[in-house]
Amino acid sequence: MSNQANRISRRAFVGGLSASLLAGAAPRRTWSKTTADVIVIGAGLAGLHAASLMEKAGYRVIVLEGAGHVGGRLHTLDDLPGKPDAGGIQIGAGYQRFHAIADQLGVERYVPPPSGRGALYHIGGTSMTAKQWPKAMENILSETEKAIPPDRLLFSYLKNLPKFENIADWMQPEHQTVDMALSQYLRDQGASAEALRLINANLNGNSIDQQSALHWARSLAIFRMGGGPTRYVRGGTQRMTNAMAASLRSEILLNSAVMAIQDEGDGVEIALTDGRKYGARHIICTAPFSALRSIRIEADLPPDLRMMIARLPYTKASFAYLAASAPFWKSDGLPETIWSDDPMLGRMFVLGDDPAMVKIWLNGPSADLVDAMDDATAGAAIIRKIETARPSAKGKLKFLRMFSWQKNPFARGIYHHIGAGQGSALVSATRHRGRRLHFAGEHLAQHSSGMEGALESGQRTAAHVLENL
Ligand SMILES: Cc1cc2nc3c(=O)[nH]c(=O)nc-3n(C[C@H](O)[C@H](O)[C@H](O)COP(=O)(O)OP(=O)(O)OC[C@H]3O[C@@H](n4cnc5c(N)ncnc54)[C@H](O)[C@@H]3O)c2cc1C
Ligand SMILES: NC(=O)Cc1c[nH]c2ccccc12
């Protein structure tokens, strides 16, 4: 079959010069089976970075990407007003790799204007400010908790978690003592049933019963060591992966979904869903484990790694994008953001005043709820909820679209978290060094998380492959 339509390469960016000429290699065939030194599965941050490091070392690399575009979980919605990001956006001040690559490729970043502090709370069907919350009828927290705003409850109960000196300390055996269900940890710290309910309502995870307290010890260490303002990429975060892809000499084959990986000892064969087959001496697979679950892997993998591929949890998140005919959040004197225990409201973030846009962010079971509805019905229901929570929104909102990460077969969630009792298995998965088949991606980072974690892991795996080529 012809790869022409699906192929992007440096050719597209240098106007007419073929990739093979630039690479000094023989003209490319239309393969049914080919060999490369390394095949990278996934054209997200981890895969593009690994590919770049290996081609710079002189190896022949092919990148196979299941989607019709590069970027993976960096995904800018170019069709919506203001081009909001549906994926990663906040670039930490300490993201050394991200900033270095962006500098090199001329990808501009900026510090976004500060968003207003606090939130309008909409609890049990009633809206209130942080000031009103302690005495509100709907506040049935325990006496010691009553003064704590709903979105601060979790943090108020994490103060006794171990404070890591280094971010990678989450991997130390002694810290696995907090590798227990977050709900259990919070109960042990004295959280009331109502506090647990509110914490669960907008958890950055799927459920306090399934997420590990160790995950939060790790996250807090990352927050503490943030050191400076976060930045955004000008024009949307996907400009970063577009620039990384454009700078590669290697071919990136889009619409190339991997279905099976077979380790043959002296090389690895890959079968795509459309019947194409590829072979290479080494494979670096950067598909998130949530998506890797649907790929058949015939290889000798250690049990901990197998277990993580099967069970590492990914946070579910669904978004609704809404346009506003006027920035109503400026007219009522209330905090911009809404934080609600209503599963159809979750959190409302203002994306910008001009164009005036808001985003509803629903996690876990709330994401499941809207995913099961048709988009227009969900959109209309969400607008009614916002109008109830905030009368100044009445008649001003227009539903644009939903976006569900777990419906995307190449993502199946937004990012991993440590599941209760999974700490040591994840540690061993991050340390795994394959002979021919290698893994990378944000889920296998040790020192960083998110985008920087993806680059860290891509770099570490590329270095390992280079040692073995
Ligand atoms: C909503 C959201 C908000 C986020 N916010 C932030 C943030 O503010 N800051 C931050 O640092 N991080 C954030 N992140 C996380 C960050 O975006 C990711 O950690 C990072 O982009 C992951 O990169 P990756 O290369 O590991 O994986 P991916 O980007 O997922 O790349 C993997 C690639 O593999 C491809 N693939 C999957 N299966 C197959 C298959 N079978 N065949 C072929 N290809 C396949 C996918 O299509 C994808 O392109 C956020 C993520 C999301 C979704
Ligand atoms: N909580 C988020 O989705 C944003 C975010 C900021 N930094 C991150 C690092 C990793 C994953 C997500 C994030």
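Indexing begins at 1, ligand by ligand and atom by atom, following the structure's order.
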With the threshold set at under 4.0 angstrom, would you say [X] reaches ligand 1 through any of its heavy atoms?
X      : answer
Ala257 : yes
Ala86  : yes
Gly87  : yes
Ser256 : yes

Looking only at protein heavy atoms, which one is nearest to [atom], and what is the separation?
atom                    : result
atom 9 (C) of ligand 2  : Ser449 OG, 3.4 Å
atom 44 (N) of ligand 1 : Gly66 N, 3.0 Å
atom 13 (C) of ligand 1 : Gly88 CA, 3.6 Å
atom 31 (O) of ligand 1 : Gly44 CA, 3.6 Å
atom 27 (O) of ligand 1 : Arg73 NH2, 3.0 Å
atom 3 (O) of ligand 2  : Tyr415 OH, 2.7 Å
atom 39 (C) of ligand 1 : Phe410 CD2, 3.5 Å
atom 5 (C) of ligand 2  : Gln90 OE1, 4.3 Å

- Considering only heavy atoms, which of His443, Met451, His75 lies nearest to atom 10 (C) of ligand 1?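 Nearest option to atom 10 (C) of ligand 1, by heavy atoms: Met451.
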
- Message: I'd like the name of whichever of Glu452, Glu65, His49 reaches closest to atom 47 (O) of ligand 1 through any heavy atom.
- Response: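 Nearest option to atom 47 (O) of ligand 1, by heavy atoms: Glu65.
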
Between [X] and ligand 1, is there a nitrogen or oxygen pair with a distance under 3.5 Å?
X      : result
Val258 : yes
Ala46  : yes
Glu442 : yes

- Query: Which atoms from ligand 1 have a heavy atom of Gly71 less than 4.0 Å away?
  - Reply: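 That gives atoms 29 (O) of ligand 1.
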
- Message: Checking contacts now, so for atom 13 (C) of ligand 2, which I'm interested in, is there any protein heavy atom under 4.0 Å?
- Response: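 No; the ligand atom in question lacks any protein heavy-atom contact below 4.0 Å.
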
- Task: Check each heavy atom of Thr230 against ligand 2 and say whether those closer than 4.0 Å belong to the side chain, the backbone, both or neither.
- Result: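 Neither; nothing of Thr230 gets under 4.0 Å from ligand 2.
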
- Task: Check Phe223 against ligand 2 and report side chain, backbone, both or neither, counting heavy atoms closer than 4.0 Å.
- Result: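 Under 4.0 Å from ligand 2, Phe223 contributes no heavy atoms.
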
- Task: Using only heavy-atom distances, determine whether the side chains of Trp329 and Asp353 contain a donor-acceptor pair under 3.5 Å.
- Result: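 Yes, a side-chain donor-acceptor pair sits under 3.5 Å.
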
- Query: Looking at Trp361, does the NZ or CZ of Arg347 lie under 6.0 angstrom from its six-membered ring centre and within 45 degrees of the ring axis?
  - Reply: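 Ring-cation test returns yes.
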
- Which pairs pass salt bridge (Lys or Arg N to Asp or Glu O under 4.0 Å) with one or both residues in residues 198-219, sequence neighbours excluded?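 Qualifying pairs: none.
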
